[in-house]
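Reminder, nothing fancy here: chain letters follow the sequence lines and each chain counts from 1. Everything numeric in this text was worked out from a predicted model, so none of it was measured.
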There are 2 protein chains.
Amino acid sequence: MPTRRPDPARCLPSAEAQASRFARQREADRAATAEDYVELIADLIREEKEARAVVIARRMGVSQATVTATVARLQRDGLVETQPYRGLFLTEAGQQMAAAARARHELLVRFLIALGLDAETAEQDAEGLEHHVSDKALAVFGKFLEGR
Amino acid sequence: MPTRRPDPARCLPSAEAQASRFARQREADRAATAEDYVELIADLIREEKEARAVVIARRMGVSQATVTATVARLQRDGLVETQPYRGLFLTEAGQQMAAAARARHELLVRFLIALGLDAETAEQDAEGLEHHVSDKALAVFGKFLEGR
DNA sequence: TGCAAATCTTAGCCTACACTAAGTTTTGGA
DNA sequence: TCCAAAACTTAGTGTAGGCTAAGATTTGCA
Ligand SMILES: [Mn+2]
Ligand SMILES: [Mn+2]
Ligand SMILES: [Mn+2]
Ligand SMILES: [Mn+2]
């Protein structure tokens, strides 16, 4: 009987490796709200010329007070600038984050649809997956799309 | 010049549709910690006969105090039972959640690797993606795996 | 042009999930 | 057997991201 290597799927990773995966996850979680906001702000500016807090509240499904608080954090973090009653604006950093978020979002949606998922589910899933997919995985998805 | 339908990718979804996607996302986010804990607890029980809080702290990369607090919530939510100095146990509901989490996790890893991603990145990404992938998407991934 | 409605802010509250520091309890080995 | 180390809990703190209710400011239209 040959000594068989344990099935990797049935074998725990080292504590350190696992801990660092979870730590990276927590990182991504913390960044997710910022990404969704700047992506939405960029979309609104492109499609409707301005990004008003009311509209963001409506589209995020959240109260206006929550938007005020969240935007204050985004401003503190140098992603957004505000002029009350005049909408929100993205800083350079905010525009870069928005562009990256949009690219990830759209690639994911195209990938999921190419695999046979319906459009609405693809959009729904992409909204969450986009924050947890690595650049390496995105590259692999892109390659899949190219190869039909 | 034919009237052309707007490119869906360049067109905002309705406020209601978008809000409900984000709401679903927030749901998934809230469930993620519980899923990771019960999955880990199940793995530890299977691989090491018991799931001690210390070990969970080490593997989650988190303090023991954090584990105490989180486990209290899991217990409150009927997923886990505890006997101090004797490890953690899963309730029926906890076992079901763990099994589902494990299945999603493993399918995702196999899928990512099949697409050409390296194993470590696949594991890293799966740890986050697993909480945001719908059953429909998983079904599609499974089909892809079957078709080689 | 003036005021009602829309927009935005403030105040006060809550939960989840992190942390450190300082206990308490259990266990196992000399 | 007993005591030091390991395991666990408690207390106190902080931030993110939600909420409602109430107040302030601006806008637009009658
Ligand atoms: Mn998103
Ligand atoms: Mn998005
Ligand atoms: Mn996970
Ligand atoms: Mn997992």
NZ/NE/NH1/NH2 to OD/OE distance under 4.0 Å, R110(B) and E106(B):
no
Could you tell me whether E35(B) and R104(B) make a salt bridge, using a distance below 4.0 angstrom between a side-chain N and a carboxylate O?
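Salt bridge: yes.
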Can you see if the side chain of [X] gets near the phosphate of [N] - specifically, an N or O under 4.0 Å from OP1 or OP2?
{"X": "T66(B)", "N": "dC17(C)", "answer": "no"}
{"X": "R52(B)", "N": "dT26(C)", "answer": "no"}
{"X": "T33(B)", "N": "dC17(C)", "answer": "yes"}
{"X": "R73(A)", "N": "dG17(D)", "answer": "yes"}

Separation of atom [atom1] in [X] from atom [atom2] in [N], rounded to whole Å:
{"X": "Q83(B)", "N": "dA7(D)", "atom1": "CD", "atom2": "P", "value": "18 Å"}
{"X": "D29(B)", "N": "dA16(D)", "atom1": "CG", "atom2": "C1'", "value": "12 Å"}
{"X": "F22(B)", "N": "dG18(D)", "atom1": "CZ", "atom2": "P", "value": "10 Å"}
{"X": "M60(A)", "N": "dA16(D)", "atom1": "CE", "atom2": "C1'", "value": "13 Å"}
{"X": "R86(A)", "N": "dC8(C)", "atom1": "CZ", "atom2": "P", "value": "11 Å"}
{"X": "Y85(B)", "N": "dA5(D)", "atom1": "OH", "atom2": "P", "value": "16 Å"}
{"X": "L44(B)", "N": "dA7(D)", "atom1": "CG", "atom2": "P", "value": "13 Å"}
{"X": "D36(A)", "N": "dA16(D)", "atom1": "CG", "atom2": "P", "value": "17 Å"}

To the side chain of S63(A), which of dA7(D), dC19(D), dA16(D) is closest?
dC19(D)
Which nucleotide in the set dC8(C), dA21(D), dA7(D) lies at the smallest distance from any side-chain heavy atom of A65(A)?
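Taking heavy atoms from C-beta onward, the closest nucleotide is dA21(D).
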Nearest heavy atom decides the nucleotide; on that basis, is R26(A) or P84(A) closer to the 5' end of DNA chain C?
P84(A)
Please classify the nucleic acid contact of T68(B) as base, sugar-phosphate, or nothing, using heavy-atom distances under 4.0 Å.
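T68(B): base contact, heavy atoms under 4.0 Å.
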Using a 4.0 Å heavy-atom cut-off across all strands, classify R76(B) as base, sugar-phosphate, or nothing.
sugar-phosphate
Nearest 0.5 Å please: distance from the CD1 atom of I45(B) over to the CZ atom of F89(B).
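Going from CD1 on I45(B) over to CZ on F89(B), the span is 6.5 Å.
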Going from CZ on F141(B) to CG on L112(B), what distance comes out if it is rounded to the nearest 0.5 angstrom?
7.5 Å
When the ring centroid of Y37(A) is compared with that of F22(B), is the distance short of 6.0 Å?
no
Using heavy atoms to find the nearest nucleotide of DNA chain D for V62(A) and A69(B) separately, return the residue whose nucleotide is more 5′.
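With V62(A) and A69(B) compared, the 5'-side residue is A69(B).
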